[in-house]
Amino acid sequence: MVLDDLGSSLRGTLDKLQGKTTLSEEDVEEIVKEIQRSLLSADVDVDLVMELSDSIRQRALKEEPPAGTTAKDHVLKIVYEEMVDLVGESTELPLEDQTIMLAGLQGSGKTTSAAKMAWWFSKKGLRPAIIQTDTFRPGAYDQAKEMAERAEVDFYGDPDNDDPVDI
Ligand SMILES: Nc1nc2c(ncn2[C@@H]2O[C@H](COP(=O)(O)OP(=O)(O)OP(=O)(O)O)[C@@H](O)[C@H]2O)c(=O)[nH]1
Ligand SMILES: [Mg+2]
């Protein structure tokens with residue numbers, strides 16, 4: 001979530017490369033520092049951040065930008081590729097009947113993701129429903145219900161039942 005800031009802070013740093021055709025070590029270091037700051041404050045594992053930094057440094061300084069490519073585009077492509085590599089493979093969501101269980105640490109975005117995914121599925125022509133089985137956190141039922149309403153998808157939950165399996 002803190003990663004939302006990465007785009008804007010990186011854009012500022014990359015804008016300084018405007019018009020340049022080659023990257024200096026200082027340019028690359030400034031970009032790497034910016035990325036490190038964002039990733040570390042988003043609790044990304046330190047070793048992973050260092051690995052990513054090394055790959056970006058090496059590639060940005062070693063790889064020749066293809067003819068006609070600006071320094072900015074060149075480094076942007078490398079950062080993009082390395083970030084995609086860090087995040088991992090994407091998953092295709094099949095457009096068919098299915099049950100998806102969202103599990104994760106407190107506050108990691110499960111309920112929000114449920115609403116976003118339900119909205120996405122409904123735009124693809126399916127008829128998704130959100131089932132709230134968090135019987136533990138106060139307000140969880142109301143939050144999920146409201147988000148389902150906003151996403152215009154069906155919702156089920158039972159605020160008087162404290163057994164998720166039963167629900
Ligand atoms: N910026 C940003 N904030 C998000 C995103 N997803 C969730 N949030 C925020 O993160 C906070 C927690 O999100 P929830 O969806 O309630 O997370 P949860 O995992 O259901 O939380 P619990 O039910 O308390 O365990 C809320 O303030 C959300 O608005 C996201 O993709 N980007
Ligand atoms: Mg939740």
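Start at 1 and go down the list; that is how both ligands and their atoms are numbered.
Separation of atoms CD1 (I100) and CZ (F121) is listed at 4.0 Å; rounding is to 0.5 Å. Rounding to the nearest 0.5 Å gives a distance of 9.0 Å between CD of Q36 and CD1 of I56.
At least one heavy atom of Q143 sits less than 4.0 Å from an atom of ligand 1.
The side-chain hydrogen bond (donor to acceptor under 3.5 Å, both in side chains) search around S55 returns none, not counting sequence neighbours. For the salt bridge (Lys or Arg N to Asp or Glu O under 4.0 Å) test, residues two or more places apart in sequence or in another chain that qualify with E81 are R59, K77.
Against a heavy-atom cut-off of under 4.0 Å, T111 is close to the following atoms of ligand 1: 15 (O), 18 (P), 20 (O). Heavy-atom contacts of K116 reach the following atoms of ligand 1: 30 (C), 31 (O) (cutoff under 4.0 Å).
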Side-chain atoms of residues 126-139: list all donor-acceptor pairs with protein atoms under 3.5 Å, sequence neighbours left out, distances to 0.1 Å.
residue	atom	partner	partner atom	Å
R127	NE	D154	OD2	3.2
R127	NH2	D154	OD2	2.8
Q132	OE1	D134	N	2.8
Q132	NE2	A140	O	2.8
D134	OD1	F136	N	2.9
D134	OD1	R137	N	3.1
R137	NH2	Q143	OE1	2.5

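Taking all atoms of both residues into account, the shortest heavy-atom contact from M147 to A115 is CB-CB, 3.9 Å.
Of the polar atoms of Q106, none of the N or O atoms is found under 3.5 Å from an N or O of ligand 1, judged by distance alone. The distance criterion of under 3.5 Å between nitrogen or oxygen atoms is met by S108 with respect to ligand 1.
Figure legend: K116 and W120 shown without cation-pi pairing, the cationic atom not lying both under 6.0 angstrom from the six-membered ring centre and within 45 degrees of its axis.
Around the Mg ion (ligand 2), the protein contributes the following N, O or S atoms at distances under 2.8 Å: T111 OG1.
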Report task. Decide yes or no on side-chain hydrogen bond (donor to acceptor under 3.5 Å, both in side chains) for E30 and T13, but give the supporting numbers first. Result -> CA-CA 7 Å; E30 194 177 341; T13 313; 4.8 Å; no

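Counting only non-hydrogen atoms, the option in A103, G107, A144 that gets closest to atom 12 (C) of ligand 1 is G107.
Counting heavy atoms closer than 4.0 Å to ligand 1, residue Q132 contributes nothing at all.
Ring centroid separation for the pair F155 and Y141 comes in under the 6.0 Å cut-off.
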